[in-house]
Structure formats: C-alpha cells, structure tokens
Amino acid sequence: MTIYFEIVGPYLAALMMSLGALSIFIWGIFSGAFKGADEAALDFFRREVGDVGSAKQPPE
C-alpha cells in the first residue's frame, strides 16, 4: 500500500498543529496562565455598567 504524501500530508500537518495547540492549552491550564482571567473580565464589566448607570442619573 503506497501512501501518497499529497493526499495524507495536509491531514498529518493539521493533526500535528492541533495536537500542538492542545498541548499548549493544557500547559497553560496547569501553569496557572488563566488564573484570574474571569475576575479581570468581571472588573471590566462592572466598570462599563457603572459608567452607563452613572450617566443615566440626573446631575445634582
């Protein structure tokens, strides 16, 4: 059985790239790279909601 690189090559390259991306993602999880990401997003959301809420209040 002859394996043609023109046919199988792109699939192997895609498989290797996806395995590389998966391993980087798993490394990021175990190294703590995503720690505090939710808190930063919530802080940004609270600032934006606070700005909109303060703009709707009439000036004193």
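The model shown is predicted, which means the values in this text are computed figures rather than measured ones.
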Which atom of G20 lies closest to which atom of S23, heavy atoms considered: O-OG, 2.8 Å
Atom CZ of F30 with >12 non-hydrogen neighbours under 6.0 angstrom: no
ILVMFWY clustering at 4.5 Å (side-chain atoms), partners of L15: L19
Contacts of type ring-ring contact (aromatic ring centres under 6.0 Å, His included), residue F45, not counting sequence neighbours: none
Separation of I24 CD1 from I29 CD1 (nearest 0.5 Å): 12.5 Å
